[in-house]
Amino acid sequence: MPELPEVETVARGLREVLPGRRILSVRLEKTDFIDDPAAVERELPGCRIAAVRRFGKFLLLDLDRSTGGGDAQFSLQVHLGMTGQILTCAPEALVAPHTHVFFTLDDGRELRYTDIRRFGRIRILENGARENVLREFGLDPLEAEEKEFRARIRSRRARIKALLLDQHVLRGIGNIYTDESLWRARIHPKRLGVKLKDVELHRLFRTIQQVLNEAIRLRGSSVSDYLDANGERGEFQLRHRVYMREGKKCFRCSAMIRRVIVAGRSSYFCPHCQLAPRQTRRRK
DNA sequence: CTTACGGCCTGGGTGC
DNA sequence: TGCACCCAGGCCGTAA
């Protein structure tokens, strides 16, 4: 599942080939995951790709409509969902099943978007609306100051797992990197954010950055479908310590890794290293 | 007001 | 061989 490190890896790959390219034509197959498919078909042909950015789990293609008059800017926002893949290839390359978007580029190559489940989303963000939309999101965990991080985590009375997954608190972290970070920081996913001690929040902050940077270095986690912009798998799944390891031994203490549902998500943790919060006492 | 929870979208993998 | 079921992330409506 593409989270921050996977999207960052894809963005870096696309950055090698897309900036400066012009989109010649657009072809769409299924469109139910595109906000306004007609607008995509209408607005993109002729545009120049000015930049490729990552914003949280979003990929942003900054586009120039250089049609003489103004230099109106807008972005194509791509969320890869769980199974989205975006890559460039030769037009004659075999079309992978579930490929729904094709952009012809002015260097003779093609940019394709493939998404088995179609949980991904594509939409156009016009210049004015873009900043308003992006403002809604939380801190980038790799750019945040520890002070801001602490304030965000303590701003709401929710479980730490729910807070880390909430894109309006921090942007870019998903289920894998939440569980991996909490394990390394030895914090149980059900702990309340407001109850974490300074020393725990410090450890968590450092750990999140460490995990994300390590994952970026290894080009992301390929658990099932994830491939980068060159069609290659990542390697961070080899470093997973809890994710999808239910019933296996903890790498630190050999206790049995458990799976529980927290914030509606499968959550893997070590019951020995990550102590559960005290249960609220039950009334008789 | 806050947070928790269930359902929905889709289709590949699993297990009977 | 077939098929019902589970699960994934984000979003939204509703419950507590």
Side-chain angles (χ1 to χ4, degrees), chain A residues 1-8 10 28-37 54-60 77-86 95-101 113-123 125 133-134 136-138 141 151-182 188-196 212 215 220-227 233-234 236-237 240 242-247 258-268 276-277 279-280 282-283:
Chain A
M1 294 115 248
E3 303 177 25
L4 188 153
E6 290 77 26
V7 180
E8 178 64 29
V10 171
L28 305 178
E29 297 289 334
K30 288 187 180 175
T31 58
D32 55 357
F33 61 97
I34 303 175
D35 256 31
D36 187 347
R54 176 187 63 76
F55 185 92
K57 297 180 193 173
F58 293 122
L59 217 48
L60 297 177
Q77 181 196 64
V78 180
H79 190 294
L80 299 171
M82 289 196 304
T83 55
Q85 292 170 12
I86 187 164
V95 175
H98 308 288
T99 300
H100 301 300
V101 179
Y113 178 76
T114 304
D115 191 346
I116 298 172
R117 302 282 154 84
R118 301 203 305 286
F119 278 20
R121 288 289 171 266
I122 291 181
R123 73 157 152 175
L125 285 181
V133 168
L134 299 185
E136 303 287 311
F137 290 87
R152 287 293 181 118
I153 295 299
R154 286 177 170 161
S155 67
R156 284 172 38 203
R157 192 181 170 77
R159 291 161 170 174
I160 186 62
K161 169 104 185 188
L163 292 168
L164 295 182
L165 286 176
D166 188 336
Q167 301 299 299
H168 303 282
V169 175
L170 294 175
R171 58 179 200 254
I173 302 179
N175 208 31
I176 295 176
Y177 296 101
T178 299
D179 283 3
E180 291 300 317
S181 298
L182 288 174
H188 192 286
K190 285 191 178 177
R191 297 275 304 278
L192 296 186
V194 285
K195 291 204 174 179
L196 293 177
L212 293 176
S221 301
S222 290
V223 175
S224 51
D225 306 271
Y226 166 72
L227 298 175
R233 290 165 58 82
F236 191 72
Q237 68 280 4
H240 289 178
V242 280
Y243 185 72
M244 293 278 274
R245 296 194 65 248
E246 183 181 19
R258 290 192 48 203
R259 182 177 82 104
V260 292
I261 303 296
V262 186
R265 291 282 170 268
S266 278
S267 302
Y268 301 89
Q279 295 293 319
T280 43
R282 195 178 303 193
R283 284 180 128 204

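Reminder, nothing fancy here: chain letters follow the sequence lines and each chain counts from 1.
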I'd like to check the salt bridge (Lys or Arg N to Asp or Glu O under 4.0 Å) partners of A/Arg191; sequence neighbours left out, ordered by chain and number.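 In terms of salt bridge (Lys or Arg N to Asp or Glu O under 4.0 Å), with neighbours along the sequence ignored, A/Arg191 is linked to A/Glu200.
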
Residues that A/Arg233 engages under salt bridge (Lys or Arg N to Asp or Glu O under 4.0 Å), provided they are two or more places apart:
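Result, salt bridge (Lys or Arg N to Asp or Glu O under 4.0 Å) vs A/Arg233: none returned.
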
**OP:** Check side-chain contact (heavy atoms from CB on, under 4.5 Å) between A/Thr31 and all other residues, then give those that pass, not counting sequence neighbours.
**Re:**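 Applying side-chain contact (heavy atoms from CB on, under 4.5 Å) to A/Thr31 gives A/Leu28, A/Ile34, A/Pro37.
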
With sequence neighbours left out, the residues meeting side-chain contact (heavy atoms from CB on, under 4.5 Å) with A/Arg152 are A/Leu139, A/Val169

Short side-chain donor-acceptor distance under 3.5 Å, A/Glu6 and A/Tyr177 =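 Yes, because at least one side-chain N or O of A/Tyr177 sits under 3.5 Å from a partner of the opposite role on A/Glu6.
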
Every protein N/O within reach of nucleotides 2-6 of chain B N/O, cut-off under 3.5 Å:
| from | atom 1 | to | atom 2 | distance (Å) |
| --- | --- | --- | --- | --- |
| B/dT3 | OP1 | A/Arg156 | NE | 3.4 |
| B/dT3 | OP1 | A/Arg157 | N | 2.9 |
| B/dT3 | OP2 | A/Arg156 | NE | 3.3 |

Counting primed atoms, P, OP1 and OP2 as sugar-phosphate and everything else as base, the B/S/- map of nucleotides 9-16 of chain B against protein heavy atoms under 4.0 Å is BBBB----

The criterion is ring pair (Phe, Tyr, Trp, His ring centres under 6.0 Å); which residues satisfy it with [X], sequence neighbours excluded?
X	value
A/Tyr243	A/His240, A/Tyr268
A/Phe33	A/His100, A/Tyr113
A/Phe58	A/His79, A/Phe137

My understanding is that only residues two or more places apart in sequence, or in another chain, count here; which of them pass side chain to side chain donor-acceptor pair (under 3.5 Å) with A/Lys57?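 So A/Lys57 forms no side chain to side chain donor-acceptor pair (under 3.5 Å) with any residue.
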
So the contacted stretch of DNA chain C, first to last nucleotide with an atom under 4.0 Å from a non-hydrogen atom of chain A, runs from C/dC7 to C/dG10

Practice task
Quantify the bending of the helix from B/dT2-C/dA16 to B/dC16-C/dG2 as the angle between its end axes, each fitted on five pairs, to 10°.
Solution key: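 Terminal axis comparison yields 50°.
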
